[in-house]
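In this text, all values refer to a predicted model and were calculated from it rather than measured experimentally. Convention: sequence-line order gives letters A, B, ...; per-chain numbering from 1.
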Amino acid sequence: MYFSLTEILFQFLLEPKETERFLRQVNEFAGENGMSAGPLRNLVKSMLLVPHGALKKSLTAVQVKEDLLTLGLNEDKALHFSNQWSVHYPVLSRLAIGQTLMVNQLVDMEWKFGVTVGTSEIQKLGNIFLQLKLVIRKGNTTENVYMELTLPQFYNFLHEMERAKASMECFS
Amino acid sequence: MCADSFPSGAAESQRLADRTSGTLDVSHAEARQLIAALHVLSRYVLFHNLTSPEQILAIFPENFHSSLKNLITKVLLEHSPTWRSYAIANQISLPRLVEIDWRVDMKTASDSVNRMAVPTCLVHMKVQDSPCVGGSDPPSSVTVELSRETLDTMLDGLGRIRDQLSAVAGK
């Protein structure tokens, strides 16, 4: 019974958007085991505080097990939970980091390039142009930014982005 | 005078007409006529990309004063490259990328994780509307944040553009 409850808990931690599914599973669990749903939901909410706190402090499986033992859980159950923790930790920590604030996050980039064949001023031309569309997340909506680059500007842009990437790689 | 008569507003410019009539000692009306004619001529040369003296000399009527014809041709040829670059720089286009700056930060903590070491990149782009569209609008700027994965994906895309460009240029 404890094992299946832990499983429901971890499923929710791995997919935090699936709140409806989580509540449904908790209610089903309550029904199957002859408990009332309300108190179980409250209990589970408190249980979630343990992994959230552990993620915040980047605790190892051993530390999580110690904490659970201190909280009064018995040896077997604490061990099971900490084993599950070490299995799922990489995904969970990546999720936590992914939730970190990002300002004007670049979500998508589209481009096209072509040749300007002529204008009202010059009958025959053959200049290459590049058009970029950047999709930026601003809060809950996205904004599109359009711009055009000449060939030298494109090469400069590429060069700068490569420098930025090299700088980022320095840190890892 | 040729250079002055090139820009779009030249034919209507009162000041230019005054200056011309003063310099050449002709009437105001004649000055305006001259400026308008020079304007049309320079635009014609630019549009059809006449780059050799023979091509330009061919436009003049047969009984046109010979040394004046040669002088005007010489001046037009001298100014053509400048005019061509100017026209290309001012053609209609989407907002142009004017400047780009970037910065790499290291995120060390957040409300969900007490300690971390995640690099992130901030890119600031200054874009300006084409001069012929909004007149002299001040450049607008946009700052974007990219995670490492996003930057990698973007560089992939830019690399593909570069490869396709070299393929096109190679043909």
Mind checking whether [X] and [Y] have side chains closer than 4.5 Å, heavy atoms only?
| X | Y | result |
| --- | --- | --- |
| B:R160 | A:W111 | yes |
| B:R162 | A:Y155 | yes |
| B:R84 | A:L125 | yes |
| A:I122 | B:L46 | yes |
| A:E160 | B:W102 | yes |
| A:E121 | B:Q91 | no |

Need one label for [X]: side chain, backbone, both or neither, based on atoms under 4.5 Å from any heavy atom in chain B.
| X | value |
| --- | --- |
| A:F113 | side chain |
| A:V103 | both |
| A:S58 | side chain |
| A:F154 | side chain |
| A:R137 | neither |
| A:K165 | both |
| A:I97 | both |

Inset, instruction - Start with the C-alpha distance between A:L134 and B:M125, add both sets of side-chain angles, then the distance that settles side chain to side chain contact (heavy atoms under 4.5 Å, CB included), and finish with yes or no. - result: CA-CA 11 Å; A:L134 301 171; B:M125 290 172 272; 3.4 Å; yes

Spacing of [atom1] belonging to [X] relative to [atom2] belonging to [Y], to within rounding of 0.5 Å:
| X | Y | atom1 | atom2 | value |
| --- | --- | --- | --- | --- |
| B:S112 | A:K56 | OG | NZ | 8.0 Å |
| B:R103 | A:S167 | CZ | OG | 11.5 Å |
| B:L122 | A:N104 | CG | CG | 9.0 Å |
| B:K107 | A:M102 | NZ | CE | 4.5 Å |
| B:L158 | A:H159 | CG | NE2 | 13.5 Å |
| A:F157 | B:M154 | CZ | CE | 4.0 Å |

Residue [X] versus chain A: region with a heavy atom under 4.5 Å:
| X | value |
| --- | --- |
| B:S147 | both |
| B:T120 | both |
| B:V113 | both |
| B:R96 | both |
| B:D105 | neither |

Inset, instruction - Given side chain to side chain contact (heavy atoms under 4.5 Å, CB included), test B:H48 with A:K124 step by step and report yes or no. - result: CA-CA 7 Å; B:H48 292 281; A:K124 266 203 284 208; over 6 Å; no

Legend entry - Over 12 foreign heavy atoms within 6.0 Å of CD, B:Q33: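 Counting other residues, nucleotides and ligands, CD of B:Q33 stays at 12 neighbours or fewer.
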
Legend entry - A:M147 and B:L94: CA distance, side-chain angles, deciding distance, side chain to side chain contact (heavy atoms under 4.5 Å, CB included) verdict: CA-CA 5 Å; A:M147 61 182 79; B:L94 289 180; 5.9 Å; no

Most chain B-contacting option - heavy-atom pairs closer than 4.5 Å, from [options]:
| options | result |
| --- | --- |
| A:N156, A:I136, A:L106 | A:L106 |
| A:A164, A:S93, A:G118, A:S120 | A:A164 |
| A:I128, A:L130, A:T100 | A:T100 |
| A:M109, A:E143, A:H52 | A:M109 |
| A:M161, A:E148, A:Q105, A:Q131 | A:E148 |

Legend entry - Selection from B:V127, B:T143, B:V144, B:L146 maximising heavy-atom pairs under 4.5 Å formed with chain A: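 Of the candidates given, the most pairs with chain A belong to B:V144.
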
